[in-house]
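The structure appears below as structure tokens.
These figures come from a predicted structure and were not determined experimentally.
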Amino acid sequence: MAKIPNFPQRLMDEHARWHMSHMNRDVRLGDGISFLRFHRSFLRKALRWYKAQGLNLQRVTPWSQIPSAVKAISGWDSQLQEAEDRIVERLGSFKSSDELGRFLLTSSLHDSIHVLGSEVYGDPDFGVIHESPRSTLFYRWHGLIERWWRKYQQLNKSKKTKTKKTKTKKTKTKKPAR
């Protein structure tokens, strides 16, 4: 069962409002980080509610990768595979979290997983923006996106730390011997 029983309408509305204010226009600078931050916050709120209901947490466990069943159907194409490969194999190629988020939106990977996943798993709610938060698949997919973003943040943090250490080493001067 993918549909979450008695899912709060207020959460459905919050998700729909965010998407309605960001849809049907070109993706701009700042939209990627907004997408990632909104969904991170939304996942926390919705999963807090989900846990309080005593529902099965295994049903909302994030995917560790895009499921092979989704990639096996005809809608999965080389462009989607290339998009996934960039994230999985070349995560460091993104210059910022915003760029990562915009890439998820403009590469069609985000929307395609909703549509293809709804087909593969027979869950029409997952494929409809206004209904998707009441599908357990939503949390599995957005949990994977969250994993990717956290990994990117950790990677970026270690790059900054290495850069600072290198700069510090270069700027230190030895005291002349007496």
- [ ] Tell me, with the steps shown, if Ile33 and Leu100 meet side-chain contact (heavy atoms from CB on, under 4.5 Å).
- [x] CA-CA 8 Å; Ile33 192 69; Leu100 171 61; over 6 Å; no
Task: Pair His142-Phe42, ring pair (Phe, Tyr, Trp, His ring centres under 6.0 Å): steps then yes or no - done: CA-CA 10 Å; His142 281 275; Phe42 186 83; 8.5 Å; no
- [ ] Please step through side-chain contact (heavy atoms from CB on, under 4.5 Å) for the pair Asn6 and Gln53, ending with a clear verdict.
- [x] CA-CA 10 Å; Asn6 304 314; Gln53 306 310 299; over 6 Å; no
- [ ] Test side-chain contact (heavy atoms from CB on, under 4.5 Å) on Leu80 and Leu116 and set out the steps.
- [x] CA-CA 11 Å; Leu80 293 172; Leu116 298 174; 4.1 Å; yes
TODO: Applying side-chain contact (heavy atoms from CB on, under 4.5 Å), run through Trp148 and Leu104 and close with a yes or a no.
DONE: CA-CA 11 Å; Trp148 288 337; Leu104 282 161; 4.0 Å; yes
TODO: Tell me, with the steps shown, if Asp85 and Gln81 meet side-chain hydrogen bond (donor to acceptor under 3.5 Å, both in side chains).
DONE: CA-CA 6 Å; Asp85 289 346; Gln81 187 59 56; 2.8 Å; yes
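Here the side chain of Tyr50 pairs a donor or acceptor atom with the backbone of Asn56 at under 3.5 angstrom. In this structure, Tyr121 contributes its side chain and Phe126 its backbone to no donor-acceptor pair below 3.5 Å. For the pair His130 (side chain) and Ala16 (backbone), a donor-acceptor distance under 3.5 Å is absent.
With values rounded to the nearest 0.5 angstrom, Ile113 atom CD1 is found 4.0 Å from Ile66 atom CD1. Atom OG1 of Thr106 sits about 9.0 Å away from atom CD of Glu99, to the nearest 0.5 Å. To the nearest 0.5 Å, atom CZ of residue Arg59 and atom CD1 of residue Ile4 are 10.0 Å apart. Within the model, atoms OG of Ser68 and CD1 of Ile73 stand 11.5 Å from one another, a figure rounded to the nearest 0.5 Å. A distance of 9.5 Å separates NE2 of His114 from CG of Leu137, quoted to the nearest 0.5 Å. One finds the CG atom of Leu36 at 6.5 Å from the OG atom of Ser97 (value rounded to the nearest 0.5 Å).
A ring-centre distance under 6.0 Å is found for His15 and Phe138. Here Phe38 and His22 keep their ring centres 6.0 angstrom or further from each other.
Under a 4.0 Å N-O distance rule, the pair Asp31/Arg102 does not qualify as a salt bridge. At a threshold of 4.0 Å, the pair Arg134-Glu131 counts as salt-bridged, since one of the basic side-chain nitrogens sits closer than that to a carboxylate oxygen. Of the charged side-chain nitrogens involved, none lies within less than 4.0 Å of a carboxylate oxygen, so that Glu146 and Arg140 do not count as a salt-bridged pair.
A cation-pi arrangement is present between Arg86 and Phe94, with the terminal nitrogen or guanidinium carbon under 6.0 Å from the aromatic centre and inside a 45° cone about the axis.
In terms of hydrophobic clustering, with Ile, Leu, Val, Met, Phe, Trp and Tyr side chains grouped at heavy-atom distances under 4.5 Å, Phe103 and Phe35 are assigned to a common cluster. Leu57 and Leu11 fall within the same hydrophobic cluster, where Ile, Leu, Val, Met, Phe, Trp and Tyr residues are linked whenever their side-chain heavy atoms come under 4.5 Å apart, directly or through other members. Hydrophobic clustering of Ile, Leu, Val, Met, Phe, Trp and Tyr side chains at less than 4.5 Å, counting indirect connections, unites Val88 with Tyr152.
Between Ser107 and Gln79 the shortest side-chain heavy-atom distance does not fall below 4.5 Å. Put simply, the side chain of Arg17 reaches to within 4.5 Å of the side chain of Asp13, judged on heavy atoms. Two residues are said to be in side-chain contact when any heavy atoms from C-beta on lie closer than 4.5 Å; Asp125 and Phe7 fail this criterion. Within the 4.5 Å cutoff, side-chain heavy atoms of Lys45 are placed close to those of Ser41. Using a 4.5 Å cut-off on side-chain heavy atoms (C-beta onward), Leu55 and Thr136 make no contact. Proximity of Pro67 to Val70: side-chain heavy atoms (C-beta onward) are separated by under 4.5 Å at one or more points.
Across all their heavy atoms, Ala69 and Val120 have their closest contact at O-CG2, 3.5 Å. Closest heavy-atom contact between Ser64 and Arg147: CA-NH1, 3.3 Å. Residues Gly122 and Pro124 come closest through the heavy atom pair O-CD, 3.5 Å. In this structure, Asp98 and Gly32 approach most closely via the heavy-atom pair OD1-N, 2.9 Å.
Counting non-hydrogen atoms of other residues, nucleotides and ligands closer than 6.0 Å to CZ of Arg40 gives a total above 12. In Gln58, the CD atom is not crowded: 12 or fewer heavy atoms of neighbouring residues, nucleotides or ligands sit closer than 6.0 Å.
When each of Ser118, Ser135, Ser132 is tested with Asp123 by the rule side chain to side chain donor-acceptor pair (under 3.5 Å), just one qualifies, namely Ser135. None of Trp141, Trp18, Tyr139 except one satisfies the ring-ring contact (aromatic ring centres under 6.0 Å, His included) rule with His39; the exception is Trp18.
Partners of Glu84 according to the salt bridge (charged side-chain N to carboxylate O under 4.0 Å, His left out) rule, which considers only residues two or more places apart in sequence or in another chain, are Lys71.
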